[in-house]
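The figures here come from the full heavy-atom set of this structure, side chains too, leaving out hydrogens, waters and symmetry mates.
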Amino acid sequence: MSAETIESLRAERDRLAAELAERSAQLEAVSHEFELFTQALSHDLRAPLRAVEGFAQILVEDYGDKFEGDGRRCIDTLTAGARNASALIEDLHSFSRLSRRPYRPAVIDMRHLAGQKAEQLTAAGASAKFSIDPLPCAWGDPDLLGAVMEELLGNAVKFSRRHKQPAIEVRGASEQARTVYSVRDNGVGFEPKYADRLFGVFQRLHDHKDFEGRGIGLATVQRLVHRHGGEVWAEGKTNGGAVFSFSLPLRPL
């Protein structure tokens with residue numbers, strides 16, 4: 001290899017490194033702006049929403065007997081709307097706070113972690129049958145990846161509970177430079193064309209009347225997996241179950 005070729009390769013390497021550093025800085029700036037926005041939103045909207053909810057409650061307690069029919073329904077709708085908005089703001093604040101917490105990596109026994117979360121869900125009343133394969137160990141933050149696994153398993157429980165025999169499988173395998181973990185359920189699934197929307201903040205594909213939730217959990221999963229340098233994706237079909245997967249870069253374990 002000629003000196004000219006080596007110099008050209010070095011120049012290209014330096015160019016790519018500089019481009020990566022610039023994009024990383026841009027991403028960090030956007031992330032910081034988002035965090036400031038969520039903090040401001042949480043602070044500035046909580047007080048007026050509490051006031052709306054409080055005055056609505058006063059109307060119900062002191063003048064409830066004077067409202068009938070549409071009037072009472074309006075008061076109930078106002079109260080429920082204020083409570084829901086407050087809950088959404090708290091979810092957004094939690095999303096930002098969890099994403100900002102320090103990253104403390106360690107070797108993680110992922111099968112043990114998944115088993116713990118499954119046991120907690122079963123103790124809380126989940127009727128699904130869990131099947132957890134031997135899983136490759138991971139290098140990451142135990143608390144953050146615990147939140148990822150808890151959300152994915154909890155989602156699987158929620159969307160498979162109408163099945164006569166709800167079943168959830170956890171699988172994992174190492175491939176090339178990454179390890180992939182997946183959670184499969186036999187629940188209601190979703191339209192494949194909407195898969196990318198699942199990880200957006202406050203995005204929902206199912207009616208709130210059918211399945212509870214406010215659309216923040218999977219956005220949190222994506223953000224936490226991205227903090228580990230991994231990716232997250234979903235596959236499914238309507239009434240055919242779903243598979244949620246995430247990858248983590250391999251590290252010396």
Side-chain angles (χ1 to χ4, degrees), residues 91 94-95 97-99 101-190 195 198-199 206 211-213 215-237 240-253:
D91 283 345
S94 297
F95 170 70
R97 186 173 61 246
L98 183 61
S99 302
R101 58 148 289 174
Y103 175 70
R104 302 184 179 94
V107 177
I108 305 172
D109 183 337
M110 292 296 284
R111 187 182 192 188
H112 178 70
L113 180 65
Q116 279 186 323
K117 300 305 179 182
E119 288 177 3
Q120 291 170 7
L121 288 166
T122 300
S127 60
K129 178 181 179 182
F130 290 93
S131 173
I132 303 175
D133 276 3
L135 302 176
C137 288
W139 175 258
D141 186 292
D143 291 335
L144 299 185
L145 290 183
V148 168
M149 191 62 72
E150 181 176 349
E151 177 63 30
L152 294 182
L153 290 177
N155 252 17
V157 167
K158 177 168 62 177
F159 291 108
S160 64
R161 69 187 177 203
R162 294 184 178 180
H163 196 283
K164 292 181 179 179
Q165 295 181 315
I168 298 169
E169 302 174 355
V170 184
R171 305 284 180 260
S174 297
E175 48 182 58
Q176 296 182 349
R178 67 178 188 171
T179 304
V180 176
Y181 304 92
S182 62
V183 176
R184 178 187 298 271
D185 67 66
N186 59 351
V188 297
F190 57 86
L198 289 167
F199 300 98
H206 301 90
F211 297 99
E212 70 280 3
I216 196 73
L218 290 177
T220 300
V221 166
Q222 183 181 65
R223 194 170 176 93
L224 296 182
V225 170
H226 283 177
R227 283 197 67 183
H228 285 77
E231 297 294 332
V232 59
W233 63 95
E235 303 167 87
K237 59 181 180 179
V243 184
F244 286 84
S245 303
F246 65 96
S247 67
L248 299 174
L250 290 178
R251 293 286 192 275
L253 299 178

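Using a 4.5 Å cut-off on side-chain heavy atoms (C-beta onward), I108 and D141 make no contact. Under the 4.5 Å side-chain criterion, counting only non-hydrogen atoms from C-beta, V188 is not in contact with F190. Residues L153 and I168 are in side-chain contact: their nearest non-hydrogen atoms beyond the backbone lie under 4.5 Å apart. When side chains are defined from C-beta on, V232 does not count as touching F244, because their heavy atoms never get closer than 4.5 Å. Counting heavy atoms from C-beta outward, W139 and P249 have side chains that stay 4.5 Å or more apart. Proximity of M149 to Q116: side-chain heavy atoms (C-beta onward) are nowhere separated by under 4.5 Å. The closest side-chain heavy-atom distance from V170 to M110 is not below 4.5 Å. Put simply, the side chain of R161 does not reach to within 4.5 Å of the side chain of P166, judged on heavy atoms.
Of all heavy-atom pairs between D185 and S160, the closest is CB-CB, 4.3 Å. Contact record, L198 with L218: O-CB, 3.4 Å, taken as the closest heavy-atom pair. When all heavy atoms are compared, the tightest approach of Y181 to A138 is OH-CB, 3.4 Å. Considering every non-hydrogen atom in both Y103 and R227, the closest pair reads CB-NH2, 3.4 Å.
Rounded to the nearest 0.5 angstrom, L248 CG and L145 CG are separated by 5.5 Å. Q176 CD to S247 OG: the interatomic distance, rounded to the nearest 0.5 Å, is 11.5 Å. Rounded to the nearest 0.5 Å, atoms OG1 (T179) and CG (L135) are 10.5 Å apart.
The distance between the ring centers of H228 and F246 does not fall below 6.0 angstrom.
For residues 110-127, the salt bridge (Lys or Arg N to Asp or Glu O under 4.0 Å) pairs, not counting sequence neighbours, are K117-E150.
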Below 3.5 Å, can you tabulate the donor-acceptor pairs from side chains in residues 120-133 to any protein atom, sequence neighbours excluded?
residue: T122; atom: OG1; partner: A118; partner atom: O; Å: 3.0
residue: D133; atom: OD1; partner: R171; partner atom: NH1; Å: 3.0
residue: D133; atom: OD2; partner: R171; partner atom: NE; Å: 3.1

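A 6.0 Å sphere centred on CD of E175 holds more than 12 heavy atoms belonging to other residues, nucleotides or ligands.
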